[in-house]
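Just so we're on the same page: letters track the sequence lines, and every chain starts at 1.
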Protein chains: 2
Amino acid sequence: MSLDAVLARIDEHLPEATSRLLELLRIPSISTDPAYAGDCDAAADWLVADLQSLGIKAEKRATPGHPMVVGHVEGDGPHLLFYGHYDVQPVDPLELWTNDPFDPRIEETPKGKVIRGRGSSDDKGQLMTFVEACRAWKAVNGTLPCKITFFFEGEEESGSPSLVPFMKENADELGADIALICDTGMFQSRTPAIVTMLRGMVTEELTIKGPDVDLHSGFFGGLAMNPIRALAGILADLHDDHGRVAIPGFYDNIPDLSDDVRAQWEGLDFDWQGFLGAVGLSVPAGEQDRMPLEMIWSRPTAEVNGIWGGYTGEGFKTVLPAKAHAKISFRLVAGQDPDSIRDNFRAFVRDRLPEDCSVEFKAHGGSAASVMSTEDPAFEFARQALSDEWPETAAYVGCGGSIPIAGHFRQILGMNAMLIGFGKDDDAIHSPNEKYDLESFHKGTRSWARILDALSSAQ
Amino acid sequence: MSLDAVLARIDEHLPEATSRLLELLRIPSISTDPAYAGDCDAAADWLVADLQSLGIKAEKRATPGHPMVVGHVEGDGPHLLFYGHYDVQPVDPLELWTNDPFDPRIEETPKGKVIRGRGSSDDKGQLMTFVEACRAWKAVNGTLPCKITFFFEGEEESGSPSLVPFMKENADELGADIALICDTGMFQSRTPAIVTMLRGMVTEELTIKGPDVDLHSGFFGGLAMNPIRALAGILADLHDDHGRVAIPGFYDNIPDLSDDVRAQWEGLDFDWQGFLGAVGLSVPAGEQDRMPLEMIWSRPTAEVNGIWGGYTGEGFKTVLPAKAHAKISFRLVAGQDPDSIRDNFRAFVRDRLPEDCSVEFKAHGGSAASVMSTEDPAFEFARQALSDEWPETAAYVGCGGSIPIAGHFRQILGMNAMLIGFGKDDDAIHSPNEKYDLESFHKGTRSWARILDALSSAQ
């Protein structure tokens, strides 16, 4: 049977597959920082060349931002589109990394081998699981199992400004029967999972302005309004004493969990103590009347992702600063409209501004939450394939992160998206010392081979 | 009369005096940043050489930090000690400067000529007014008018860690009849002033720690405590709705203004609207039941001088950070003990820490407020001398800044300190585009010549 041969080939050629991933990880494709634009381009080139080596007609496609990579291969059976992103998060604080984030390495750890480096899990390592499954399939069978479109983005970590226009302009080319997205994780690092619920996001940067210039806090302190004081007051008001977000209208129109989903989630037996304990925490900080899985999957949040103002260097400077800044993101759930949330937040800030302060807002991005329909039989095929590969039965789960492309696939291209990934909770994505378990890479590749087999032979 | 000749000499040689000041301003002697230690040393060398050129026995004296400069000249009459500091504040945000802060220049402005550059007003320009007065006096009379000790510090902008030990070790050498300090300003940029009341200061840096590592705000957001949220809550609590500092015990033991001082201050007719208006503000932000001069001179404050945490670079990073930081200073007034204020603040923070957060404090410095006795006749001599030089009669005023050396002179060396300076409210000290009016430099030098004359001939 050809699937067994493909799986054997994956096992046998794991070292070469790993080397290829390390090569891609060495390219510092940080999309949010303009200084790395050339590296984003280089990562796209690397992927084009790699797809071409599989006989895929692939090319780099320009956008106003970082390029897309699009590849096509013809075939019978269903038409699949596979999506991943080649850009990565910034690496600061750099001093907390144990190795150069862009000099990746294989490390032995008490839990097994890991691939350490920025992007190893999010999303280069995940993206390559699918590519390596295709490579093995092709090596064994001479062709890929069905018609596949490859679609790689380079702006996922910076709000995907070019994505929607590109999808709209190329809707005919990108349309397929179903989209496969590899940018999520295993449930509790153990249970293979298909994500059927994704939070959306609104991101805002705000600058509170007080005096025209930085002032001496001795000569002006006590008389002049300090914008950091104003900012702290506003941010402190964002949550009430019960962990609820205090912005008026924030929770309007959010449906409660169906009994069915609630029962499923309760059955997952989420070890929230272990989840928090792994990062040194112990107390669920969200809405106190919700269960922990709701806090991260189906309830919205407000988080300050960055704050700065005044003197932040070595030593001390007794300045009363002219400005204070914060970056704030809201994770959204079904029922919440990004534009209304943004408007309500801005009104909330303006209502709390002291008389001598003004505010400037900068919108970074916004996307609604997505809830996938699992009625498409592809979901059950994939769930079975995953259950065959891993020790535990695969589950349908939620995801607190925001992967807006799932919504775009539905809205722009009219197709369902299936989110399957092999990340672990301790991968430290977006943090120093990001890693991807070698097991995730290896069994992830094997999982895709099984899914390709299941989806292509079903039709 | 020799004073007239000295004043004429000052007028005539103003260009040379200005050139010397520009030379000193070119040395980037930022004391708080270890990277500039060599420059602090160079500024001390420059001053030693300049004093020696006046026949003063001057030398650089090592400390565990930046060196002191001490010079002596013998003479009859009273023994004066003159103090100034050669170190300067950091220059960030550098991009707001119209010129290189260490490439000073003379600029024509609608209000007259100014010397633009870091340290021009605080305190190199002020310090040099006294030195230039001595130079002119010596040129005309062949000697200085009385016994003078020169004492220049290089750590004033970084908490003066070496000052007290140095004064204690050299108490016999530094003792004099009265100390003269040139590090203050004109009242309302117009009235020559002798400061008789100085606020003290306590500075603290705090780090709130939440999770062990930076987290992804999608996967953990809603469940994990964000230390920026905790920090904002604590900082927002620092002030109540009436502008009062809410730390328990903060206002204990603070005496109210005497009727005499209150009457004097009311007589000064402080244009607080103009004072705030000059920096784009309009509303007194302090205790709402106090008059504006009290807010900056005789009432204590709590100010956040710096805040940082999470991602603060270009673009957006949806991190839930491990730590959040703030630098906070308290301006103290008579009756407040720096150690108690620090202890009470730390207890206030600990009381508000969420269960999953911890805090680390770093003490930067602390000094009590000073209230000078004006019974020493030198105060009235100096006030008359200043009134002779300037269009307005000189006043006794308060100062919101913290110049702890005045207290040290009293406590360690048992002498009174007289604070006379020529800064203007718009000098932008500690801010971008610091300047010193050429008039301040010129008439400041003339003022010291008059004061030297008055003090030396009175005894």
Selection from G310(A), P211(A), P354(A), A35(A) maximising heavy-atom pairs under 4.5 Å formed with chain B: P211(A)
Aromatic plane relationship, F187(A) with F270(A) - under 30° parallel, 30 to 60° tilted, over 60° perpendicular: tilted
Chain A contact via D33(B) - which portion, at a heavy-atom distance below 4.5 Å: neither
Max heavy-atom pair count under 4.5 Å with chain A, selected residue of V279(B), D214(B), V319(B): V279(B)
Q288(B) side chain vs G286(B) backbone, donor-acceptor pair below 3.5 Å: yes
Contact class of R299(B) relative to chain A, heavy atoms under 4.5 angstrom: neither
Residue, of D212(B), L223(B), T32(B), that accumulates the most heavy atom pairs under 4.5 Å with chain A: L223(B)
Check: P90(B) main-chain N/O paired with R118(B) side-chain donor or acceptor under 3.5 Å: yes
Residue part contacting chain A, namely of L281(B), when any heavy atom lies under 4.5 Å: both
Donor-acceptor contact present, side-chain N226(B) to main-chain V304(A), <3.5 Å: yes
Expected output: side-chain H242(B) to main-chain R244(B) donor-acceptor under 3.5 Å: no
Donor-acceptor contact below 3.5 Å, side chain N433(A) vs main chain T98(A): yes
Over 12 non-hydrogen atoms of neighbours within 6.0 angstrom of CG in D289(B): yes
Pairs of heavy atoms under 4.5 Å with chain B: top-ranked of W308(A), F316(A), Y311(A): F316(A)
Pairs of heavy atoms under 4.5 Å with chain A: top-ranked of H216(B), M295(B), M225(B): H216(B)
H325(B) portion near chain A, given a 4.5 angstrom heavy-atom threshold: neither
Contacting region of Q89(B) [heavy-atom separation from chain A under 4.5 Å]: side chain
Contacting moiety of P321(B), where chain A heavy atoms sit under 4.5 Å: side chain
Among H239(B), E157(B), E294(B), R199(B), residue most engaged with chain A (heavy-atom pairs, under 4.5 Å): H239(B)
Top contributor to chain A interface from E314(B), E287(B), H364(B) [non-hydrogen pairs under 4.5 Å]: H364(B)
D92(B) backbone acceptor or donor facing K317(A) side chain under 3.5 Å: yes
Backbone of L235(A) reached by a side-chain donor or acceptor of R352(A) within 3.5 Å: no
Largest heavy-atom contact set with chain A, pairs under 4.5 Å, which of A236(B), G280(B), A324(B), A232(B): A232(B)
Most chain B-contacting option - heavy-atom pairs closer than 4.5 Å, from S217(A), G400(A), A230(A): S217(A)
For chain B, the option from G309(A), A326(A), A278(A) that forms the most heavy-atom pairs under 4.5 Å: G309(A)
Under 4.5 Å from any heavy atom of chain B - which part of L215(A): both
Part of E204(B) within contact of chain A (heavy atom distance under 4.5 Å): backbone
Among A285(A), G185(A), S329(A), S31(A), residue most engaged with chain B (heavy-atom pairs, under 4.5 Å): A285(A)
Heavy-atom pairs under 4.5 Å with chain B, option from I234(A), V213(A), T312(A), T301(A) with the top count: T312(A)
For the student: nearest non-hydrogen atoms of D237(A) and A246(A), plus distance: O-CB, 3.3 Å
E155(B) side chain vs H66(B) backbone, donor-acceptor pair below 3.5 Å: yes
Residue I429(B) versus chain A: region with a heavy atom under 4.5 Å: both
Note, L276(B) side chain near S282(B) side chain (heavy atom, < 4.5 Å): no
Toward chain A, the part of S158(B) with a non-hydrogen atom under 4.5 Å: neither
Check: P300(B) main-chain N/O paired with Y251(B) side-chain donor or acceptor under 3.5 Å: no
Region of S402(B) that comes under 4.5 Å of a non-hydrogen atom in chain A: neither
Contacting moiety of L238(B), where chain A heavy atoms sit under 4.5 Å: neither
Short side-chain to backbone donor-acceptor contact, D122(A) and H430(A), under 3.5 Å: no
